[in-house]
Amino acid sequence: MAEKRKVCMLGATGVGKTSLVDRFVRSIFSGSYRTTIGVTIETRRVRCDDRELDLILWDLSGEDEFQEVQISYVRGSAGFLLVIDGTRRPTMETGLRLHAAARAVAGELPSVIVLNKADLAAAWEIDRATESALESAGALVTRTSAKTGAGVEGAFSALARAMLASEALLWRG
Ligand code: GTP
Ligand code: MG
């Protein structure tokens, strides 16, 4: 039986949290927007070297008014996937705020930051310097497109690897 790890999808409204989960779990993309109410939970198994992990993906609503409730959803997480919409720079500030609030509840868990909608290059609002600043704040940063699938497998496997690596450190003391 595979081990299970809870992962919370964090990020502002409409950044593509649900679309990334749909792409990763079902290999589909729907261009139509249906906002998530509360939370939706999906699972996918990944291989990490010689181990199998069931990632339990908690896909949260990005609605600001739900933030208090959302925070209670992050308990028991092993990692965070923070989603920023690369075509809407203000979603970076919102996302970083949510990330900080989530870490205050669940601890400094391994996190991957994805700059999503990379297929919309002409509308891109996040320059390389900003991307590097995010990296130097200690997170893995990567570009994804839920539409084309680019970078999606890589983002989730990087998070799985980071979660296992941080557990290994804890074990060694
Ligand atoms: P909430 O549940 O409201 O917080 O939103 P969300 O973060 O789950 O966003 P969702 O996945 O519903 O996507 C919002 C809109 O962006 C939808 O119309 C998607 O089709 C679109 N979208 C998501 N990812 C991408 C992407 O990589 N590229 C493009 N072009 N559109 C995307
Ligand atoms: Mg959603």
Side-chain angles (χ1 to χ4, degrees), residues 5-44 46 54-106 109-128 130-131 134-135 139-160:
R5 294 292 181 281
K6 173 176 171 179
V7 168
C8 264
M9 307 289 298
L10 300 172
T13 303
V15 294
K17 300 178 294 297
T18 300
S19 301
L20 287 164
V21 170
D22 280 350
R23 166 62 69 190
F24 182 60
V25 172
R26 275 187 284 275
S27 304
I28 56 167
F29 175 75
S30 149
S32 65
Y33 179 27
R34 286 176 63 214
T35 191
T36 305
I37 309 291
V39 63
T40 304
I41 301 173
E42 305 268 10
T43 302
R44 201 189 115 179
V46 292
D54 280 337
L55 299 182
I56 318 295
L57 305 168
W58 286 53
D59 172 21
L60 273 49
S61 159
E63 281 293 338
D64 289 354
E65 64 209 82
F66 290 151
Q67 273 181 24
E68 297 256 322
V69 185
Q70 276 190 327
I71 289 310
S72 72
Y73 290 141
V74 309
R75 287 203 178 81
S77 298
F80 297 127
L81 200 123
L82 171 62
V83 186
I84 292 167
D85 181 342
T87 70
R88 287 188 295 139
R89 197 186 159 104
T91 66
M92 186 171 87
E93 281 75 43
T94 310
L96 291 174
R97 237 186 308 118
L98 279 169
H99 192 217
R103 287 193 299 185
V105 170
L109 303 176
S111 301
V112 168
I113 300 180
V114 306
L115 305 174
N116 189 43
K117 309 195 185 181
D119 56 289
L120 301 175
W124 203 251
E125 290 186 350
I126 295 181
D127 56 26
R128 288 285 176 194
T130 309
E131 210 169 315
L134 287 172
E135 271 160 12
L140 294 160
V141 182
T142 181
R143 293 186 181 200
T144 56
S145 168
K147 184 173 182 178
T148 67
V152 177
E153 285 284 332
F156 284 99
S157 12
L159 182 58

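We count ligands from 1, going down the list as the structure has it; atoms in each ligand are counted the same way. What you see is a predicted model; the values in this text were computed from it and never measured.
Because the distance cut-off is set at 2.8 Å, M9 fails to qualify as a neighbour of the Mg ion (ligand 2), as none of its N, O or S atoms comes that close. At a cut-off of 2.8 Å, S19 is not counted among the residues with an N, O or S atom near the Mg ion (ligand 2).
Among R34, K17, K147, the residue whose heavy atom lies closest to atom 4 (O) of ligand 1 is K17. Atom 2 (O) of ligand 1 has its nearest heavy-atom neighbour, among V83, T36, D85, in T36. Nearest to atom 18 (O) of ligand 1 by heavy atom, out of G31, G86, S30, is G31. Between atom 29 (C) of ligand 1 and the options D119, I37, V39, the minimum heavy-atom separation is to D119.
Side-chain N/O atoms of T130 and D127 include a donor and acceptor closer than 3.5 Å.
Annotation: G14 places an N or O atom under 3.5 Å from an N or O atom of ligand 1; distance criterion only. Taking distance alone, with nitrogen or oxygen atoms compared against 3.5 Å, L60 stays at or beyond that limit from ligand 1. Considering both main-chain and side-chain atoms, T35 comes within under 3.5 Å of ligand 1 through a nitrogen or oxygen pair. The N/O atoms of L120, backbone and side chain alike, include none that comes under 3.5 Å of an N/O atom in ligand 1.
For the atom pair L140 CG and L82 CG, the distance stands at 12.0 Å (nearest 0.5 Å). The OG atom of S157 sits 9.0 Å away from atom CG of L55, with the distance rounded to the nearest 0.5 Å. Atom CE of M9 and atom CD of E42 lie 10.5 Å apart (nearest 0.5 Å).
At distances below 3.5 Å, at least one donor-acceptor pair connects side-chain atoms of K17 with backbone N or O atoms of G11. K117 contributes no side-chain N or O that, together with a main-chain N or O of T144, makes up a donor-acceptor pair within less than 3.5 Å. With R143 contributing its side chain and D119 its backbone, the two residues share no donor-acceptor pair below 3.5 Å.
By the 6.0 Å contact criterion, CZ on R128 is open, its count of non-hydrogen atoms from other residues, nucleotides or ligands being 12 or less.
A cation-pi contact links R44 to F24, judged by a cut-off of 6.0 Å to the six-membered ring centre and 45° from its axis.
Residue contacts with ligand 1, taken as heavy atom pairs separated by less than 4.0 Å, involve N116 solely via side-chain atoms from C-beta onward. Contacts of A118 with ligand 1, taken as heavy-atom pairs under 4.0 Å, are absent altogether.
G11 does not count as a contact of ligand 1, since none of its heavy atoms falls under 4.0 Å from the ligand.
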